[in-house]
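Reviewing the structure listed below.
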Amino acid sequence: MINITLKDGSIRQAKEGSSILEIAKSINQSLGKEAVAGVVDGDVQGLSYRVSQDCHLDILKFDDEQGKDTFHHTGSHILAQGVKRLFPQAKLAIGPAIDNGFYYDFDLEHRFSEEDFPAIEKEMRKIVEANLAIEKFELPRGEAIAFMEAQGEPYKVELINDLPEDAVISFYKQGEFTDLCAGPHLSSTGPEKAIKIMSVAGAYWRGSEKNKMLQRLYATSFPKQKQLDEYIEKLEEAKKRDHRKIGKEMDLFAIFDEGPGFPFFMPKGMIIRNELENFWRQEHRARGYEEIKTPLILSESLWHTSGHWDHYQNNMYFTKIDDGDYAIKPMNCPGSMLAYKRKMYSYRDFPIRIGELGQVHRHELSGALHGLMRVRTFTQDDAHIFMLPEQIKDEIIGVIDFIDFVYNLFGFKYHIELSTKPEDAMGTDEEWELTTGALKEAMDSKGLPYVINEGDGAFYGPKLDFHLEDSLGRTWQCGTIQLDSQMPQRFDLTYIGSDGEKHRPIMIHRVIFGSIERFIGILIEHFAGKFPLWIAPVQVKLLTVTEKFADYAQELGKKLTEAGLRVEVDVRNEKIGYKIREARNERVSYICVIGEKEVNSGQLQVRSSKEGELGAMDVDGFIAKLTEEIKTKQV
RNA sequence: GCUGCUGUAACUCAGGCGGUAGAGUACUACCUUGGUAAGGUAGAAGUCACGGGUUCGAAUCCCGUCAGUAGCUCCA
């Protein structure tokens, strides 16, 4: 028997393997109450439903991730079934639930296009309306393989072959369609009331570019049409925050055909950038960092020494000077190594924290470029910390706290990933265990949650990655802390210990913003262009009602500018409504209308982009308010 | 790099299944001097991404290149 907890807290029992309908009957007494829905194989959770008078089950919403996944996973089977009905020759690959829906990969000669979507959706709706019962069954390995071979599904056969020895091989059947699947699923197709195919894209079989590229249909489903409509609405809203769109509208940056992946920063974008850099310098000075600047081009031999030649060559640009071979730096570390080596250090100097706003160039694949988020040249807010073994933990914690401080300042939510030894790693297993352990230890002592990203570390060491979300929920790695045991060896870095002998320092690489370009992209999407005042390109805009007040407005503008504010004055011969509309579209932080009233009273009518009308304010009070807002870096 | 889609004025986009282009915004001039999200009139502005092919004729059809874009792969 399985227990079913109803929303009112009471518990009912149902036979294991019961269908939702059977469960509904068994709790018939609770008619009309919201319950927690069962799924076909007894995993009972995650979906709110209502039992109707005729024992019909009406799923209301997802309660948690598991319920959502179960629902979406069933959606993916309906998608596959629909496609198989229209394209019987399609070979099935995989079809999991994802964050906001599900996808299914197909191997098919016919190229899907958006024109195919309505027909497939129509077929899917037929499957939903038929409310096919979903039944689970298990087969021993041999039979499972024979079954999928008989169905002409080579990808499924491959999947079964790769399942672990002791794996239970389960199938789910709905009508004429059966799929290999671990489940769980709904007990019938009926609740998938609102289904929509979102897009089609290529995807490599098993995620390897060495394999065949399949066609992936992305789709989503909800219990109610209204929920689907709301989801689509939300997506539309999110697209309006796209940093590429806002960046153009606000004239922050531009990327031209002449330089794919090489962004230009326009005057207003430069203000944001400079404010961030000023802040960065101030905070680094306060934390005992020194700043250097290393060259963009250095001899190719340096990159042999660092190991980048062997591990990163495909991402580097090269050039010649006279007869010598040079490379444009893809990372700042080798330059920093030379800077360290220029003199002798004592253990008493440690830790040494050397920062650099270093511009790097990387040859990224053309298909990977994405606005400011993924570019071919960007500035890393880099720093290298050299230290003694006993300083490792405190230094790592110091950087974690630093990153947390900066991200919190902007109200960012982030998650941390620990990336471990990759296949092409340099160094011994012992070194990797030591460095990986140090990162883990620091995280554990902070009590911070993190996910482990096996094999995703840099070639010279493991790393902690700090990921931020864009408007569509895609995550981007920004901050990172990398413990490196390789560079100090390769460059033969030393310090003199208390014993008078040479020793090898420990080093970490770290960035806070990650890339200033990417960080600005995230900022734009996070704030939808309505930046915190301290980084806002235009903090105040004065709008004259008529040209009569132009002189007064200019004087006032001068006064505000002298108070340290970034001010624009709009004295154009346009109606005030027009100017306000334009200033709002420019996302100016504070808009002040200057007319007869203001000239006579000496006051300002203030309108905030975030709080709306603030009413009348005297000029000094306004300056004081904004100055305070800037000083405290209010969001 | 791979798969799909896209590329028309500074911007946002119509139009195209063959007969060399249109709207709104922005821009310029004039009129209007107006109090909280678009005042009016006129004007200028495009080798329809680039190269090739088919054709009497290509923005339109075909091929290629470049760029953008959604994903995949890869990464800050």
Side-chain angles (χ1 to χ4, degrees), chain A residues 98 103 105 111-116 198-218 239 242 244-245 248-249 251 254-261 312 314-315 330-332 358 360 362-382 419 422 453 456 458 463 465-468 472 474 476-480 482 509-519 521-522 543-550 572-585 591-598 605-607 612-613:
Chain A
I98 51 174
Y103 66 77
D105 287 349
R111 294 288 155 204
F112 287 125
S113 73
E114 283 180 28
E115 286 161 25
D116 296 316
M198 307 301 289
S199 62
V200 56
Y204 298 108
W205 166 237
R206 307 201 116 181
S208 169
E209 61 184 334
K210 295 188 182 81
N211 292 337
K212 182 166 184 182
M213 179 158 277
L214 309 174
Q215 297 188 75
R216 175 171 297 178
L217 288 176
Y218 284 91
K239 278 185 192 152
D242 190 313
R244 293 166 296 189
K245 182 174 155 66
K248 191 178 272 181
E249 286 168 4
D251 200 22
I255 302 174
F256 305 105
D257 279 5
E258 288 81 354
Y312 209 73
N314 290 340
N315 282 302
M331 294 179 190
N332 301 303
V360 297
R362 298 183 182 178
H363 178 230
E364 298 294 342
L365 294 176
S366 59
L369 302 178
H370 184 97
L372 288 181
M373 303 293 200
R374 191 75 180 277
V375 291
R376 285 181 174 149
T377 183
F378 56 100
T379 300
Q380 291 184 304
D381 61 319
D382 225 332
S419 296
N453 220 339
D456 215 29
K463 52 182 189 169
D465 296 330
F466 293 69
H467 293 252
L468 294 172
L472 286 172
R474 293 175 290 209
W476 298 90
Q477 183 189 318
C478 291
T480 174
Q482 312 181 348
H509 311 248
R510 45 106 283 183
V511 286
I512 308 288
F513 296 140
S515 129
I516 292 180
E517 287 75 5
R518 178 177 286 182
F519 200 79
I522 298 275
L543 314 179
T544 52
V545 176
T546 74
E547 286 171 337
K548 262 192 302 197
F549 312 110
R572 287 176 308 166
N573 176 17
E574 295 289 351
K575 293 212 166 185
I576 192 65
Y578 179 87
K579 293 189 191 180
I580 286 172
R581 181 187 143 79
E582 205 177 80
R584 287 181 59 117
N585 286 341
I591 298 172
C592 303
V593 174
I594 306 296
E596 186 135 27
K597 245 179 0 196
E598 287 72 27
Q605 280 296 321
V606 181
R607 180 175 191 150
E613 293 287 355

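Proteins come first, then strands; the chains are lettered A, B, ... in the order of their sequence lines, and each starts at number 1.
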When all nucleic acid strands are considered with a 4.0 Å heavy-atom cut-off, which category describes A:E596: base, sugar-phosphate, or nothing?
base
Assign A:F256 to base, sugar-phosphate, or nothing according to its heavy-atom contacts below 4.0 angstrom with the strands shown.
nothing
Using the P atoms only, state how far B:A70 lies from B:U65, rounded to an integer number of Å.
22 Å
Members of residues 207-215 of chain A that approach RNA chain B, where some heavy atom sits under 4.0 Å away:
A:G207, A:E209, A:M213
Please measure how far the P atom in B:A59 lies from the corresponding atom in B:A21, and state the result in whole Å.
9 Å
Rounded to whole angstrom, note down the P distance from B:C27 over to B:G22.
23 Å
On a whole-Å scale, what distance lies between the P atoms belonging to B:U33 and B:G39?
14 Å
Distance check, C1' atoms only: B:U69 and B:A49, in whole angstrom units.
15 Å
With heavy atoms under 4.0 Å as the rule, sort A:V375 into base, sugar-phosphate or nothing.
base
Just call it for A:K463: base, sugar-phosphate, or nothing, with non-hydrogen atoms closer than 4.0 Å on any strand.
sugar-phosphate
Students often get this wrong, so: under 4.0 angstrom with heavy atoms, is A:R584 touching a base, only sugar-phosphate, or nothing?
base
Across the strands shown, which category fits A:K579 at heavy-atom distances under 4.0 angstrom: base, sugar-phosphate, nothing?
nothing
For a quick check of understanding: with a heavy-atom distance under 4.0 Å over all strands, which category does A:E114 fall into, base, sugar-phosphate or nothing?
nothing
Nucleotide interval of RNA chain B bounded by contacts with chain A (heavy-atom cut-off, under 4.0 Å)
B:G1 to B:A76
